[in-house]
Amino acid sequence: MTDLHGNLMRAGEGASRNGRFHALLAPLQVGANFLQNRVVMGAMHTGIERRDRSLERIHAFYRARVKGEVGLIITGGVAPNADGMLEAGSPMLSGSAGRDWHEAVLDAVRGSETKICMQLLHAGRYGKTPQCVAPSAIKANINQFTPRALSTDDIWRTIDDFAQASVRAREFGYHGVEIMGSEGYLINQFTAPRTNARSDMFGGSLANRIRFPIEIIKAVREATGPEFLIIYRISAVDLVEGGMSGGETIELARHIEAAGADLLNTGIGWHEASIPTVAQVVPRAAFAYAVRHVKHAMGLPVIASNRINDPDVADALISGGTADLVSMARPLLADPEFVSKTRLAKVDTINTCIACNQACLDRAFRHEVVSCLVNPRAAQEIEYPETIAAPVKRIAVVGAGAAGMTFAFNAANRGHAVTLFEAADQIGGQLLMAKAVPDKSEFNELLRYCDRRLADERVDVRLNSAPTVEELTNGAYDEIVIATGVRPRDPPIDGIKHPKVMSYIDVLRHRRSVGRRVAIIGAGGIGFDVAEFLLGQPEGVTGVDAFAQEYGLDISLGTAGGLVEVGHLQPPGRLITMMQRRPGIPAGNRQAVTTNWIKRKRLRRMGVELLGGVSYDRIDDEGLHISVAGQSRLIAADTIITCAGQSSERSLYDALIDAGSDIPVHAIGGADHAGELDAMRAIEQATRLALVL
């Protein structure tokens with residue numbers, strides 16, 4: 001028996017002991033490479049790969065995922081030449097440049113069963129530099145720079161650059177490369193008529209448009225030899241007008257296989273598409289139809305991607321024949337031990353990605369190092385060292401919202417004796433309101449995880465309990481942490497106490513009855529959530545079918561770009577007007593750069609009126625009287641909902657300080673700073689405090 005066959009048998013036996021996830025945990029032989037399971041850590045723009053980042057940070061990030069038993073890792077994108085850089089300072093593989101970065105990555109994998117491939121990504125017209133290039137000089141609507149059209153000679157040089165970069169990746173020690181051919185980057189720009197207006201051998205007919213990726217795969221295979229792993233990331237569906245049809249995608253995939261690729265990874269949509277692909281609004285595995293279309297036409301193993309954050313979903317995709325492997329990027333930010341917990345049948349301890357985008361994609365778009373709302377250690381591992389507490393302390397935590405729960409289980413994990421007080425009859429705080437909003441049901445996963453961690457770390461949780469200053473300072477505790485959150489702020493409007501006025505808490509948490517005609521004062525993230533809650537989901541269809549209907553997805557993939565006319569939405573049961581003092585069209589949470597457009601688009605389609613530059617005059621039996629651009633107007637409303645900000649609930653904290661006790665008191669989360677309902681900041685602050693007390 002060879003070592004390879006022995007590895008396969010041992011891995012198969014390990015998977016069969018956890019029959020629930022046999023398909024996901026089964027090994028796979030791909031070319032000369034043995035994969036210990038079917039989980040792929042997909043490429044991410046994390047920001048840690050920039051040339052000015054710490055090598056220690058890079059190593060720690062990858063090492064955490066290796067220890068979590070990921071089968072295959074694909075690095076963040078590396079440009080094959082200077083023309084292909086995403087932005088100034090982003091990774092580029094030329095000569096020996098950046099070799100120390102790659103050594104840090106590869107050292108994290110060395111000695112493990114995990115395989116690793118470097119993604120080669122040429123940004124094309126998405127490059128945020130004046131030197132960006134493309135098949136044709138057609139500007140992207142998400143970039144300020146107009147690209148230079150590549151000459152035919154430039155194209156052949158670029159093909160050679162991909163091959164030479166692959167050779168260097170092999171020399172560095174990577175097991176293979178992924179050629180990025182999706183999401184609207186350079187290769188995808190060649191394959192789609194939308195961005196390819198060429199008349200030479202690389203434009204016009206389908207055969208010419210797909211020549212570029214085919215020649216890249218041929219060149220890479222010839223340069224690297226038969227044992228080097230080559231993955232091609234194909235756009236399973238473009239989701240843009242002028243994109244490829246499903247039939248054209250299959251034609252490309254078959255040529256890619258013949259050219260020498262070992263694996264096909266499926267990408268979904270272009271970055272400029274008006275269809276959400278990874279946000280909370282997207283149902284889990286919503287694009288399985290596009291992956292299945294590719295898989296059923298291929299002999300190569302196929303990787304599924306996009307909104308796969310649960311081991312049951314992942315296993316079903318494989319066991320059901322939709323794909324051979326699953327790619328998870330953000331779920332491995334949320335929990336680097338996703339695979340090992342699945343293998344050990346501890347799936348209820350997985351810290352699930354909730355697809356909020358707040359700490360990952362939003363930070364990436366702001367050119368910051370990414371992290372994760374539910375796991376602030378992600379990509380910041382060296383800043384969150386886990387140490388045993390010395391001395392062990394008795395700590396009282398008041399408030400079981402995001403901040404209080406996070407602090408409690410992190411502090412208890414270090415050995416502290418923690419008591420968590422909550423005035424309500426259940427834990428969760430503001431998270432209980434968030435999960436009530438349509439398309440935010442993933443917040444249930446965060447609550448489930450926190451509840452499990454509190455139990456595992458043996459935190460003494462006391463519900464329906466609001467401790468007094470005397471109870472907290474009677475000698476039972478060495479430290480006190482106040483996490484009592486926020487309270488809604490009443491805007492100074494004449495008539496604000498009118499019976500038809502209520503706060504967002506009345507709506508989202510206490511579920512007070514709301515009339516048909518609604519005025520919402522405040523158009524930040526909370527206001528948008530309230531509007532979505534009141535509109536509810538369209539009737540008649542649910543899940544992926546509803547998503548496809550709402551966004552015009554062609555499930556048959558017979559059309560260019562995989563799009564059809566947007567389906568009819570059920571008229572809303574309410575008439576809603578949302579307004580803000582700030583001039584301009586309300587934008588929701590201004591920090592949510594990757595998701596605000598989704599909410600605005602849906603609210604407009606559902607008939608919500610959005611007003612900016614509003615002055616609030618008074619509230620009376622008729623409704624809300626306002627002024628816009630100097631013109632008076634009445635918003636005839638049955639219910640007026642205030643979403644005009646919040647104030648920190650610090651009364652207990654202030655009373656403790658005034659009492660003059662020598663017990664240290666800390667305020668975290670909303671009790672420390674009241675902005676938007678910011679779970680990301682609360683969880684991060686709570687985690688940091690727990691690691692230093």
Side-chain angles (χ1 to χ4, degrees), residues 141-142 239-241 268-284 286-287 306-307 354-358 361-362 365 433-443 504 507-508 514 516-520 522-555 562-580 584-612 641 643 676-677:
N141 59 14
I142 60 173
L239 300 181
V240 291
E241 294 182 4
I268 304 295
W270 289 33
H271 289 320
E272 60 200 270
S274 59
I275 313 294
T277 57
V278 293
Q280 286 181 332
V281 67
V282 182
R284 292 179 178 180
F287 297 100
N306 285 58
R307 283 289 281 130
I354 62 173
C356 66
N357 292 3
Q358 292 180 40
L361 293 182
D362 287 348
F365 270 71
M433 294 188 293
K435 75 184 186 73
V437 178
D439 305 320
K440 283 193 172 184
S441 62
E442 294 285 14
F443 275 96
Y504 63 86
V507 178
L508 296 178
V514 175
R516 181 173 179 272
R517 300 173 302 168
V518 181
I520 299 177
I526 302 169
F528 272 56
D529 281 351
V530 168
E532 286 195 277
F533 173 79
L534 293 176
L535 290 171
Q537 297 281 21
E539 296 180 1
V541 289
T542 59
V544 174
D545 289 339
F547 178 73
Q549 177 178 305
E550 181 169 350
Y551 288 96
L553 305 183
D554 175 16
I555 302 296
L563 299 175
V564 294
E565 185 176 348
V566 174
H568 173 70
L569 286 182
Q570 182 74 18
R574 290 188 171 90
L575 300 176
I576 299 176
T577 301
M578 185 187 304
M579 61 211 84
Q580 65 182 22
I585 301 298
N589 184 347
R590 288 175 292 171
Q591 298 298 310
V593 294
T594 63
T595 53
N596 271 342
W597 66 272
I598 302 170
K599 294 177 178 291
R600 286 197 303 271
K601 183 176 181 179
R602 183 167 194 267
L603 292 183
R604 283 179 174 142
R605 288 193 62 205
M606 297 294 281
V608 174
E609 183 181 20
L610 303 174
L611 298 176
I641 304 170
C643 304
E676 288 279 351
L677 298 185

Taking all heavy atoms of Asn357 and all of Val278, pick out the closest pair and write down the distance.
OD1-O, 3.9 Å

Taking all atoms of both residues into account, what is the closest heavy-atom pair of Ala548 and Ile555, and its distance?
CB-CD1, 3.9 Å

Should Phe287 and Val282 count as side-chain neighbours, where that means a heavy-atom distance under 4.5 Å?
yes

The criterion is side-chain contact (heavy atoms from CB on, under 4.5 Å); which residues satisfy it with Ala355, sequence neighbours excluded?
Gln280, Arg307, Arg330

Heavy-atom closest contact (Pro438 atom, Gly536 atom, distance):
CG-CA, 4.2 Å

Do the side chains of Val593 and Leu361 get nearer than 4.5 Å, heavy atoms only?
no

How close do Ala531 and Leu603 get, counting heavy atoms only, and between which atoms?
CB-CD2, 4.0 Å

Do Ile275 and Leu563 have side-chain heavy atoms sitting under 4.5 Å apart?
yes

What distance separates Arg517 CZ from Ile576 CD1, expressed to the nearest 0.5 Å?
13.5 Å

Applying side-chain contact (heavy atoms from CB on, under 4.5 Å) to Tyr551 and Val281, what does each step give before you reach the verdict?
CA-CA 11 Å; Tyr551 288 96; Val281 67; 4.0 Å; yes

Between Met433 and Val507, is any pair of side-chain heavy atoms under 4.5 Å apart?
no

Shortest non-hydrogen pair, Phe547 vs Pro276, comes out as CZ-O, 3.4 Å

Exercise: identify the closest heavy-atom pair between Cys643 and Val530
SG-CG2, 3.8 Å

Going by the rule side-chain contact (heavy atoms from CB on, under 4.5 Å), which residues pair with Gln580 if we only count those two or more places apart in sequence or in a different chain?
Ala523, Arg582, Pro586

Taking atom CG of Asn596 and atom CG of Asp362, what is their separation to the nearest 0.5 Å?
8.0 Å

Heavy-atom side-chain proximity of Val566 to Arg605 below 4.5 angstrom:
yes

Spacing of NE2 belonging to His271 relative to OG1 belonging to Thr594, to within rounding of 0.5 Å:
11.5 Å

State the OG1-CG distance between Thr277 and Leu239, to the nearest 0.5 angstrom.
7.5 Å

So how far is it from Leu534 CG to Met578 CE, rounded to the nearest 0.5 Å?
9.0 Å

What is the distance from atom CD of Glu272 to atom CD1 of Ile142, rounded to the nearest 0.5 Å?
5.5 Å

Between Asp529 and Lys599, is a side-chain contact (heavy atoms from CB on, under 4.5 Å) present by the stated rule, with each step listed?
CA-CA 9 Å; Asp529 281 351; Lys599 294 177 178 291; 3.5 Å; yes

Surrounding CD of Glu609 (heavy atoms of other residues, nucleotides or ligands, distance under 6.0 Å), is the total greater than 12?
yes

Worked check of side-chain contact (heavy atoms from CB on, under 4.5 Å) between Val514 and Arg574
CA-CA 9 Å; Val514 175; Arg574 290 188 171 90; 3.9 Å; yes

Do Ile598 and Asp439 come within less than 4.5 Å of each other through their side chains, counting heavy atoms only?
no

